[in-house]
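Input: a single structure, listed below in structure tokens.
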Number of protein chains: 2
Amino acid sequence: MTISLTEENYLKAIYTLSHLFEESEVSTNQISDHLKNKAATVTDMLKRLAEKKLINYIPYQGVKLTEKGKRTAIKVIRKHRLWEVFLVDKLKFKWDEVHEIAEQLEHINSDELIQRLDEFLGKPKFDPHGDPIPDANGQLNSVKALPLNQHKAKGTFIFVGVNEHSKAFLQHLTSIGLKIGDAIKVEEINEFDNSFKVKINKNNSQFFSNKVASNILVEIKK
Amino acid sequence: MTISLTEENYLKAIYTLSHLFEESEVSTNQISDHLKNKAATVTDMLKRLAEKKLINYIPYQGVKLTEKGKRTAIKVIRKHRLWEVFLVDKLKFKWDEVHEIAEQLEHINSDELIQRLDEFLGKPKFDPHGDPIPDANGQLNSVKALPLNQHKAKGTFIFVGVNEHSKAFLQHLTSIGLKIGDAIKVEEINEFDNSFKVKINKNNSQFFSNKVASNILVEIKK
DNA sequence: AGATATTTTTAGGTTCGTCTAAAAATTGTC
DNA sequence: GACAATTTTTAGACGAACCTAAAAATATCT
Ligand SMILES: [Mn+2]
Ligand SMILES: [Mn+2]
Ligand SMILES: [Mn+2]
Ligand SMILES: [Mn+2]
């Protein structure tokens with residue numbers, strides 16, 4: 001049984017949405033919003049995926065990946081993130097330029113290729129955006145990092161990933177000089193608008209709006 | 001106007017066939033044999049490609065690529081061969097393992113990606129099978145090499161490419177220890193069956209059947 | 001609970017890329 | 001030049017992946 005490119009994209013969407021909202025059931029409208037397809041189109045596809053035992057689907061009740069569906073989704077995510085590492089590390093693309101190309105490359109079908117690519121890249125654990133790369137068995141370390149704005153006290157943090165992957169946001173971070181792994185020292189938290197006065201790597205102070213702070217994932221610096 | 005994966009494969013097939021038979025017009029049946037589709041299916045597609053001005057199509061008279069169609073075909077071939085170089089040089093695949101994966105990768109759509117891949121690989125001129133890689137402007141050095149069996153005299157040759165790309169044939173060449181760039185010294189040509197007694201890189205003598213000799217492309221060693 | 005709003009499914013339609021069977025055009029043979 | 005063989009096209013059908021419009025189910029509000 002073969003899984004089409006379109007089916008792979010639906011499985012990935014269901015996987016992503018179920019983790020995004022921390023609910024096991026994903027709704028038709030959530031999928032239709034995410035993939036920018038009409039709800040009727042999604043219903044069609046859900047029937048086909050259920051037929052193939054990739055999801056459990058009860059009409060009107062939403063949808064859940066089966067083990068097989070989950071394995072497939074994670075494999076696509078693994079490929080996406082490995083290719084992003086390749087594009088940034090080897091081909092010197094910027095981190096805001098790789099997502100669309102990886103959306104294509106993630107559907108290339110060859111187990112041998114993934115395995116060799118993984119080795120070629122040095123079995124990376126994270127992609128250029130700080131997202132964890134599932135291992136060959138589909139094991140994925142869930143990220144324990146929190147958005148900066150959920151830390152209510154001053155202190156020094158390490159920037160480990162982003163919550164928002166848009167080109168505009170990634171370019172904004174680049175323009176303010178923030179890269180994965182940088183230290184962020186919070187000097188002040190502004191009560192009024194929840195903005196943050198911070199220092200990146202001991203450079204000059206600058207301000208993060210709450211919106212920026214909410215999309216920056218950090219760990220507490222040890 | 002966007003060109004689908006399927007359309008790209010038809011354009012590539014037409015390009016390849018027109019060069020294979022050195023005829024400008026390619027027939028419906030040639031395409032249908034090559035792509036293993038039914039002739040009726042091919043006719044349907046030819047109408048669509050003509051509609052898009054990618055081919056000149058006169059019913060019953062065969063088909064020819066337009067400039068635009070030719071440019072597209074050559075770009076797909078360029079991508080195919082660059083990816084094959086990547087797979088062999090960087091990921092250490094064997095030359096008989098890369099074609100199927102390249103058949104998928106050749107459809108990835110990103111000019112920036114091709115350009116960077118080309119640079120990453122050191123702007124290679126030939127793929128792992130000795131086929132020339134079109135440059136970024138679509139220029140392609142036609143191969144002047146001839147099959148070994150068309151040389152009717154003894155002498156020393158350089159193995160520069162293959163006429164037949166099947167896994168079986170490539171593995172056979174590997175098993176007899178023949179690689180691109182090797183010197184082949186023809187010591188005898190057997191009149192009876194047109195087989196060749198040869199030495200590869202000054203190793204022990206061995207025999208090439210005419211069939212093998214006809215699929216090995218060589219240049220005369222200077 | 002009943003009315004209203006929202007979500008989801010069903011019904012019916014389109015395009016792409018494939019097929020089979022039959023008709024038409026071209027090519028080869030005597 | 002007529003007949004036969006081959007090639008190519010047309011006609012009609014189908015599945016995948018999309019759509020719009022309408023109906024049905026579920027959720028929300030007073
Ligand atoms: Mn991405
Ligand atoms: Mn990423
Ligand atoms: Mn190939
Ligand atoms: Mn090749």
Side-chain angles (χ1 to χ4, degrees), chain A residues 1-14 17-18 20-21 23-65 69 72-73 76 103-104 106-107 109, chain B residues 1-14 17-18 20-21 23-65 69 72-73 76 103-104 106-107 109:
Chain A
M1 192 226 29
T2 160
I3 298 171
S4 74
L5 182 151
T6 312
E7 287 167 343
E8 284 189 348
N9 281 337
Y10 274 86
L11 294 175
K12 192 174 59 143
I14 294 165
L17 289 166
S18 73
L20 203 58
F21 300 107
E23 281 164 12
S24 63
E25 305 287 319
V26 176
S27 76
T28 302
N29 266 2
Q30 283 174 330
I31 300 169
S32 114
D33 283 2
H34 189 79
L35 295 180
K36 288 159 175 40
N37 281 337
K38 299 298 163 181
T41 305
V42 173
T43 301
D44 276 358
M45 179 56 88
L46 295 183
K47 286 183 201 159
R48 261 176 288 162
L49 293 174
E51 195 67 42
K52 288 188 168 184
K53 309 268 190 234
L54 293 161
I55 60 173
N56 291 120
Y57 168 53
I58 308 160
Y60 296 102
Q61 301 297 123
V63 89
K64 228 185 116 165
L65 293 175
T72 308
V76 175
E103 285 291 305
Q104 297 182 60
E106 71 187 7
H107 302 290
N109 180 11
Chain B
M1 195 225 29
T2 161
I3 298 171
S4 75
L5 183 151
T6 312
E7 288 166 342
E8 285 190 347
N9 281 337
Y10 275 87
L11 294 175
K12 193 174 58 142
I14 294 165
L17 289 167
S18 73
L20 203 58
F21 299 108
E23 282 163 11
S24 62
E25 306 287 319
V26 175
S27 76
T28 302
N29 266 4
Q30 283 175 332
I31 300 169
S32 116
D33 283 0
H34 189 79
L35 295 180
K36 287 156 177 37
N37 280 337
K38 297 299 163 181
T41 305
V42 173
T43 302
D44 277 358
M45 179 57 87
L46 295 184
K47 286 183 200 159
R48 262 175 286 161
L49 293 174
E51 196 67 42
K52 288 188 168 185
K53 310 267 189 233
L54 293 162
I55 60 173
N56 290 121
Y57 168 54
I58 306 161
Y60 296 101
Q61 300 299 121
V63 89
K64 229 187 115 165
L65 293 176
T72 308
V76 175
E103 285 291 305
Q104 298 182 59
E106 71 188 7
H107 302 290
N109 179 12

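A, B, ... follow the sequence lines: proteins, then strands. Residue 1 opens every chain.
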Provide, to the nearest angstrom, the distance between the [atom1] atom belonging to [X] and the [atom2] atom belonging to [N].
| X | N | atom1 | atom2 | result |
| --- | --- | --- | --- | --- |
| B:Asp44 | C:dT18 | CG | P | 10 Å |
| B:Leu11 | C:dG17 | CG | P | 11 Å |
| B:Asn37 | C:dG17 | CG | C1' | 8 Å |

- [ ] Go through DNA chain D in 5' to 3' direction and return only the first and the last nucleotide with some atom under 4.0 Å of chain B's heavy atoms.
- [x] D:dT7 to D:dT10

TODO: Could you list the residues that satisfy side chain to side chain contact (heavy atoms under 4.5 Å, CB included) with B:Glu23, not counting sequence neighbours?
DONE: B:Phe21, B:Gln30

Task: Sugar-phosphate only, base, or nothing, as touched by A:Thr6 at under 4.0 Å among non-hydrogen atoms - done: sugar-phosphate

Open item on the list: Mind checking if A:Thr28 touches a base, just sugar-phosphate, or nothing, with heavy atoms under 4.0 Å?
Closed with: sugar-phosphate

Open item on the list: How long is the straight-line distance from OG1 of A:Thr72 back to CD1 of A:Ile55, given to the nearest 0.5 Å?
Closed with: 12.0 Å

Task: Pairs meeting criterion side-chain hydrogen bond (donor to acceptor under 3.5 Å, both in side chains) with involvement of residues 34-56 of chain B, two or more places apart - done: B:Glu7-B:Lys52, B:Tyr10-B:Asn37

Open item on the list: The criterion is salt bridge (charged side-chain N to carboxylate O under 4.0 Å, His left out); which residues satisfy it with B:Glu103, sequence neighbours excluded?
Closed with: B:Lys12

- [ ] For A:Lys64, enumerate each residue passing the side-chain hydrogen bond (donor to acceptor under 3.5 Å, both in side chains) test, keeping only those at least two apart in sequence or located in another chain.
- [x] none

Open item on the list: Is B:Ser4 close enough to C:dG17 that one of its side-chain N or O atoms is under 4.0 Å from OP1 or OP2 there?
Closed with: yes

Open item on the list: Heavy atoms within less than 4.0 Å of DNA chain C: which residues of residues 46-62 of chain B have one? Give them sorted by number.
Closed with: B:Arg48, B:Tyr60

Task: Residue pair A:Leu11 / A:Ala73: nearest heavy atoms and the distance that separates them - done: O-CB, 3.7 Å

